[in-house]
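This report refers to the structure that appears directly beneath it.
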Amino acid sequence: MYESEVIQEWLKKASNGNHNAAKPPPTPSPLRFSKFFQSNMRILVTGGAGFIGSHLVDKLMENEKNEVIVADNYFTGSKDNLKKWIGHPRFELIRHDVTEPLLIEVDQIYHLACPASPIFYKYNPVKTIKTNVIGTLNMLGLAKRVGARILLTSTSEVYGDPLVHPQVESYWGNVNPIDSAQCSIPIPVFFMVFWVRSCYDEGKRVAETLMFDYHRQHGIEIRIARIFNTYGPRMNIDDGRVVSNFIAQAVR
Ligand SMILES: NC(=O)c1ccc[n+]([C@@H]2O[C@H](COP(=O)([O-])OP(=O)(O)OC[C@H]3O[C@@H](n4cnc5c(N)ncnc54)[C@H](O)[C@@H]3O)[C@@H](O)[C@H]2O)c1
């Protein structure tokens with residue numbers, strides 16, 4: 001498909017009324033449309049050394065037309081999760097913190113970088129919110145520059161302490177931005193820090209807002225997945241969430 005066809009296609013979708021971006025999507029690299037590179041995808045996975053990210057990398061690597069680039073600062077992830085791909089000609093691993101800009105050429109971005117377990121995201125709340133806000137801004141800037149489609153892994157935590165069960169996408173949530181009364185029973189100030197989770201909840205909410213604003217203002221193609229509690233192989237045994245805690249206790 002040629003560039004003008006992509007724009008025509010977009011205009012067709014826009015006129016169906018289900019697309020409210022102000023602009024057509026940015027033009028992808030001309031290589032995307034060259035015969036030689038026709039079905040090749042260069043895919044960036046941020047946070048690809050983590051639990052979900054490394055499984056996503058396995059899936060993406062199954063397609064021989066994909067080249068996969070992982071950017072990770074190894075805060076909660078590990079090279080071990082990717083050891084079967086290290087050295088593979090279609091795979092590249094970069095030690096990179098998403099709070100810094102990343103200038104590479106890619107066609108798709110899966111933006112997962114962020115600690116997901118409360119133990120880790122509460123360890124340095126300021127860093128957590130920076131990862132969500134500045135990290136997402138950097139990835140959206142990259143998506144805009146290279147015309148890439150971008151997916152953000154958001155979370156059920158955007159619903160906060162929900163008043164609607166089960167949560168539907170149209171529900172806006174009930175998040176306390178300053179964590180002052182997150183817990184209904186009185187607890188000493190020292191322990192308050194263990195309850196603090198707004199750096200994660202609000203961080204992801206801002207990240208979602210940025211995604212939609214870049215979509216509306218710059219025409220970036222976006223996807224958001226609000227993931228609920230997930231468990232499986234490569235999960236950290238000391239993760240601190242309910243499923244791993246139950247399993248660890250049962251094993252002990
Ligand atoms: N696991 C779940 O149940 C769950 C639920 C909801 C949402 N999510 C979201 O899915 C994504 C992946 O979660 P996960 O369970 O694989 O977590 P994880 O902690 O195993 O993986 C996160 C990865 O991001 C990396 N990372 C963290 N901060 C970074 C930074 N500033 N720069 C670069 N890399 C950074 C970590 O080193 C790690 O490899 C996260 O965005 C998380 O918020 C997960």
Side-chain angles (χ1 to χ4, degrees), residues 1 5-6 9 25-26 28-98 102-117 131 135-136 138-140 142-143 145-156 204 207 211 215 220-237 239 241 243-244 247:
M1 205 188 269
E5 288 176 58
V6 173
E9 185 70 13
S29 144
L31 285 180
R32 173 97 74 90
F33 304 106
S34 85
K35 259 207 159 101
F36 182 68
F37 283 106
Q38 198 141 38
S39 41
N40 276 17
M41 277 284 169
R42 247 171 290 172
I43 304 172
L44 170 66
V45 182
T46 73
F51 160 50
I52 297 180
S54 60
H55 287 286
L56 173 65
V57 169
D58 291 349
K59 194 74 203 158
L60 294 171
M61 286 295 290
E62 277 174 18
N63 183 342
E64 289 186 2
K65 297 282 185 183
N66 288 344
E67 281 175 44
V68 178
I69 303 158
V70 167
D72 202 298
N73 70 354
Y74 309 126
F75 174 47
T76 52
S78 158
K79 283 184 193 170
D80 265 4
N81 289 337
L82 297 167
K83 60 177 179 251
K84 74 171 171 193
W85 301 119
I86 291 171
H88 192 289
R90 288 187 288 110
F91 180 76
E92 200 177 334
L93 181 56
I94 310 170
R95 179 188 288 268
H96 179 80
D97 194 304
V98 292
L102 181 61
L103 299 176
I104 56 174
E105 305 301 314
V106 288
D107 302 301
Q108 291 185 351
I109 303 168
Y110 289 86
H111 179 38
L112 282 75
C114 177
S117 155
T131 297
T136 304
N138 283 334
M139 288 308 122
L140 283 163
L142 174 63
R145 185 176 68 79
V146 299
R149 189 176 82 191
I150 177 166
L151 175 138
L152 168 77
T153 50
S154 185
T155 169
S156 55
K204 290 285 185 183
M211 293 282 286
H215 167 66
I220 309 283
E221 223 190 309
I222 59 160
R223 303 285 187 277
I224 297 177
R226 287 182 184 157
I227 304 174
F228 282 60
N229 221 329
T230 309
Y231 62 93
R234 299 186 199 149
M235 191 174 194
N236 191 340
I237 190 81
D239 182 79
R241 276 175 293 177
V243 177
S244 52
I247 294 171

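What's counted below: heavy atoms across the whole structure, side chains too, no hydrogens, waters or symmetry copies. Just so you know, residue 1 is the first one in the sequence shown, and it goes up from there.
R90 is listed as a side-chain neighbour of E64, based on a closest heavy-atom distance under 4.5 Å. With contacts defined as side-chain heavy-atom distances shorter than 4.5 Å, the pair N138/V98 does not qualify. K204 places a side-chain heavy atom less than 4.5 Å from the side chain of C114. Proximity of T155 to T153: side-chain heavy atoms (C-beta onward) are nowhere separated by under 4.5 Å. Within the 4.5 Å cutoff, the side chain of V57 has heavy atoms near those of the F91 side chain. When side chains are defined from C-beta on, L102 counts as touching L44, because their heavy atoms get closer than 4.5 Å. In this structure, L152 and I222 have side chains that are not in contact, with every pair of non-hydrogen atoms separated by 4.5 Å or more.
Considering OG of S54 and NZ of K84, their distance stands at 9.0 Å, rounded to 0.5 Å. Note that NE2 of H111 is 8.5 Å distant from OG1 of T131, once rounded to the nearest 0.5 Å. Note: F75 CZ to D97 CG = 10.5 Å, rounded to the nearest 0.5 Å. Distance CD/Q108 to CZ/R223: 9.0 Å, rounded to 0.5 Å. Expressed to the nearest 0.5 Å, how far CG of L142 lies from CD1 of I109 amounts to 4.0 Å.
Remark: side-chain polar atoms of H215 are not paired, donor with acceptor, to backbone N or O of E221 under 3.5 angstrom. Judged by distance alone, the side chain of D107 and the main-chain N or O of R42 form a donor-acceptor pair under 3.5 Å. At least one donor-acceptor pair closer than 3.5 Å links the side chain of N66 to the backbone N or O of L60.
The side chain to side chain contact (heavy atoms under 4.5 Å, CB included) test with F51 is passed by exactly one of N81, T76, T230: T230.
Closest approach of T46 and A113 over heavy atoms only: OG1-N, 3.1 Å. Residues D58 and R234 share a closest heavy-atom pair of OD2-NH2, 2.8 Å. Taking both residues in full, the closest heavy atoms of G50 and D72 are given as N-OD2, 3.9 Å, listed atom of the first, atom of the second, then distance. Heavy-atom minimum distance, I150 versus M139: CD1-CB, 3.8 Å.
In this structure R241 satisfies the side chain to side chain donor-acceptor pair (under 3.5 Å) test together with D239, sequence neighbours excluded. With sequence neighbours excluded, the residues satisfying side chain to side chain donor-acceptor pair (under 3.5 Å) with E105 are R145.
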Note to self: Could you go through K65 and M41, starting from their C-alpha distance and side-chain angles, then the distance that decides it, and tell me whether this counts as side-chain contact (heavy atoms from CB on, under 4.5 Å)?
What the structure shows: CA-CA 7 Å; K65 297 282 185 183; M41 277 284 169; over 6 Å; no

Next item on the list: Please step through side-chain contact (heavy atoms from CB on, under 4.5 Å) for the pair L56 and Y110, ending with a clear verdict.
Entry: CA-CA 9 Å; L56 173 65; Y110 289 86; 3.7 Å; yes

Next item on the list: Could you go through the side-chain contact (heavy atoms from CB on, under 4.5 Å) check for R226 and S156 one step at a time?
Entry: CA-CA 6 Å; R226 287 182 184 157; S156 55; 5.9 Å; no

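Within 6.0 Å of OH in Y231 there are 12 or fewer heavy atoms belonging to other residues, nucleotides or ligands.
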